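For the numbers below, each heavy atom of this structure counts, side chains included, while hydrogens, waters and symmetry mates do not. Given the structure is predicted, the values throughout are model-derived calculations rather than measurements.
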Amino acid sequence: MAVKPLDERQLFRMKRENLEKRINLYYIETHDTDTVLEYSLAVLVFNGITIDDYSFVCKDLIKEIFLTNEPSDKLRDYCLYFYDFFEYEEWEQVRDRLFKNRAAFSEHTRAIRPETKYVRAESAPTAETTESSEDYFETVFKDELGKKHKQRFRNVDVDMPNKKLFTLLRILTKLTIFEKDGVRRFTQVVPADCKTIIADTF
């Protein structure tokens with residue numbers, strides 16, 4: 001039986017251990033590097049929003065992809081997001097494999113460099129207790145037809161600055177993996193409709 005693609009509900013709600021298993025299994029079955037990279041970037045965004053620990057999900061698989069797969073535009077576009085997954089010597093290999101020189105790397109990644117700090121593991125919120133928070137962000141996106149839809153992120157850092165939150169949400173608009181009935185889901189953030197909901201206020 002063929003493994004099914006993951007959707008946003010699974011990527012943003014599954015327990016870490018199960019999520020890692022599903023992404024690894026998907027790659028074993030399909031060798032679909034581009035989709036796995038998009039899954040992993042979505043998880044990086046989620047890790048930046050939730051207080052639960054989703055840092056370095058599928059670290060070994062990501063390292064294998066960047067260190068052994070044929071260089072591609074997707075690898076070049078996404079490499080800097082995964083900088084923390086590598087030791088220094090490994091990162092040097094990745095950069096040298098994907099780019100002709102350091103100047104080419106700097107130019108290619110210049111536009112995304114300011115936003116990558118928000119997906120760094122050390123910048124992610126972490127829970128102070130073992131109990132999950134009931135706080136969540138209710139976010140709103142437009143699909144490629146302009147129709148609005150909601151996406152909730154549970155167990156969130158409600159004190160997160162708006163700039164960080166909306167930067168993380170905008171990263172999701174780069175992804176093509178989320179579809180419904182053939183229509184791409186996350187194409188534009190609607191900031192005015194996004195809100196924080198704190199369970200203690202009910």
Side-chain angles (χ1 to χ4, degrees), residues 1-70 72 74-91 93-94 97-98 112 115-137 139 151-157 160 164 168-169 171-179 185-186:
M1 180 175 165
V3 62
K4 294 182 179 179
L6 283 77
D7 59 23
E8 62 266 30
R9 180 181 178 85
Q10 294 165 315
L11 287 169
F12 301 144
R13 292 195 180 185
M14 287 181 72
K15 297 294 185 182
R16 178 192 174 112
E17 182 179 354
N18 292 333
L19 182 59
E20 285 193 298
K21 288 180 180 178
R22 286 292 303 276
I23 294 175
N24 275 291
L25 179 60
Y26 183 86
Y27 185 73
I28 290 171
E29 292 286 331
T30 67
H31 297 285
D32 184 350
T33 300
D34 288 357
T35 297
V36 167
L37 287 176
E38 292 206 16
Y39 287 159
S40 299
L41 184 52
V43 175
L44 285 180
V45 170
F46 180 54
N47 186 60
I49 293 174
T50 182
I51 61 175
D52 299 325
D53 183 11
Y54 283 79
S55 58
F56 302 111
V57 166
C58 295
K59 181 177 180 178
D60 290 340
L61 175 58
I62 292 299
K63 290 172 67 171
E64 175 188 336
I65 287 171
F66 277 100
L67 287 168
T68 64
N69 281 32
E70 188 71 22
S72 68
K74 181 75 78 171
L75 290 174
R76 282 184 279 270
D77 291 344
Y78 280 37
C79 66
L80 193 57
Y81 292 112
F82 297 98
Y83 173 84
D84 287 340
F85 283 54
F86 301 92
E87 300 296 333
Y88 178 77
E89 293 79 8
E90 293 172 331
W91 174 249
Q93 293 178 45
V94 169
R97 290 184 75 246
L98 298 180
I112 68 165
E115 67 190 33
T116 58
K117 65 182 179 182
Y118 295 121
V119 298
R120 302 289 297 273
E122 62 266 27
S123 73
T126 53
E128 295 182 358
T129 68
T130 56
E131 297 182 1
S132 293
S133 165
E134 292 299 323
D135 302 337
Y136 60 87
F137 291 133
T139 62
Q151 175 65 47
R152 287 186 174 181
F153 296 94
R154 298 183 181 276
N155 304 337
V156 301
D157 175 13
M160 181 182 300
K164 178 179 179 180
L168 289 167
L169 296 180
I171 293 173
L172 291 182
T173 66
K174 300 179 180 184
L175 306 180
T176 62
I177 51 174
F178 301 121
E179 290 188 353
R185 301 268 288 162
F186 297 86

query = Counting N and O atoms only, with roles assigned by atom type, does the side chain of Glu38 sit under 3.5 Å from a partner on the main chain of Thr176, one being a donor and the other an acceptor?
reply = yes

ask   = Can you tell if the side chain of Val119 reaches within under 4.5 Å of the side chain of Asn47, non-hydrogen atoms only?
value = no

query = Any side-chain heavy atom of Ile112 within less than 4.5 Å of one from Lys174?
reply = yes

request  = Evaluate the ring planes of Phe12 and Phe178, with Trp represented by its six-membered ring, and classify them as parallel (under 30°), tilted (30 to 60°) or perpendicular (over 60°).
outcome  = tilted

task = Classify the angle between the aromatic ring planes of Phe66 and Phe86 as parallel (below 30°), tilted (30 to 60°) or perpendicular (above 60°).
result = perpendicular

query = Is there side-chain contact between Val94 and Phe82, with at least one heavy-atom pair below 4.5 Å?
reply = no

ask   = Going from CZ on Arg152 to OH on Tyr136, what distance comes out if it is rounded to the nearest 0.5 angstrom?
value = 3.0 Å

message = Is the shortest side-chain heavy-atom distance between Tyr81 and Ile171 below 4.5 Å?
response = yes

message = Could you go through Leu172 and Glu8, starting from their C-alpha distance and side-chain angles, then the distance that decides it, and tell me whether this counts as side-chain contact (heavy atoms from CB on, under 4.5 Å)?
response = CA-CA 11 Å; Leu172 291 182; Glu8 62 266 30; over 6 Å; no

note = Heavy atoms of Leu168 and Met160 approach each other most closely as CD1-SD, 4.2 Å

ask   = Taking 4.0 angstrom as the limit, do Asp52 and Arg16 come out as a salt bridge?
value = no

ask   = Can you name the nearest heavy-atom pair linking Gly48 to Ala124, along with the distance?
value = CA-CB, 4.3 Å

pair Leu37-Asp77: side-chain heavy atoms closer than 4.5 Å = no

query = Side-chain contact, heavy-atom cut-off 4.5 Å: Thr30 with Thr35?
reply = no

ask   = Which of these, Thr50, Val45, Ile49, Asp135, sits in a side chain to side chain contact (heavy atoms under 4.5 Å, CB included) with Phe153?
value = Ile49

ask   = Are the side chains of Leu169 and Phe137 in touch, meaning some heavy atoms are under 4.5 Å apart?
value = no

inquiry  = Using modelled atom types and a 3.5 Å cut-off, is there a donor and acceptor pairing between side-chain atoms of Arg22 and backbone atoms of Val3?
reply    = no

remark   = Nearest heavy-atom contact between Tyr54 and Lys15 is OH-CA, 3.8 Å

ask   = If you measure from OG on Ser55 to CG on Asp84, what distance do you get to the nearest 0.5 Å?
value = 9.5 Å

Residue pair Tyr27 / Thr33, side-chain heavy-atom distance below 4.5 Å = yes

message = If you compare all heavy atoms of Glu90 against all heavy atoms of Glu87, which two are closest, and at what distance to 0.1 Å?
response = OE1-N, 2.8 Å

ask   = Which distance, rounded to the nearest 0.5 Å, do you find between the CE of Met14 and the CD of Glu20?
value = 10.5 Å

key: Leu44 side, atom CG; Ile62 side, atom CD1 - distance, nearest 0.5 Å   = 8.0 Å

note = Scanning both residues in full, the closest heavy-atom pair of Val57 with Phe85 reads O-CE2, 3.7 Å

message = Check whether Arg154 reaches the backbone of Arg13 with its side chain - one donor and one acceptor, N or O, closer than 3.5 Å.
response = no

task = Using modelled atom types only, decide if a donor and an acceptor are shared between the side chain of Gln10 and the backbone of Asp7 within a distance under 3.5 Å.
result = yes

ask   = To the nearest 0.5 Å, what is the distance between CZ (Phe46) and CG (Leu19)?
value = 9.0 Å

remark   = Taken to the nearest 0.5 Å, the spacing of Lys21 NZ from Ile28 CD1 works out to 12.0 Å

ask   = So Tyr26 and Tyr39, would you call those rings parallel, tilted or perpendicular, with 30° and 60° as cut-offs?
value = perpendicular

message = Please check: side-chain N/O of Asn155 versus main-chain N/O of Ile51, any donor-acceptor pairing under 3.5 Å?
response = no

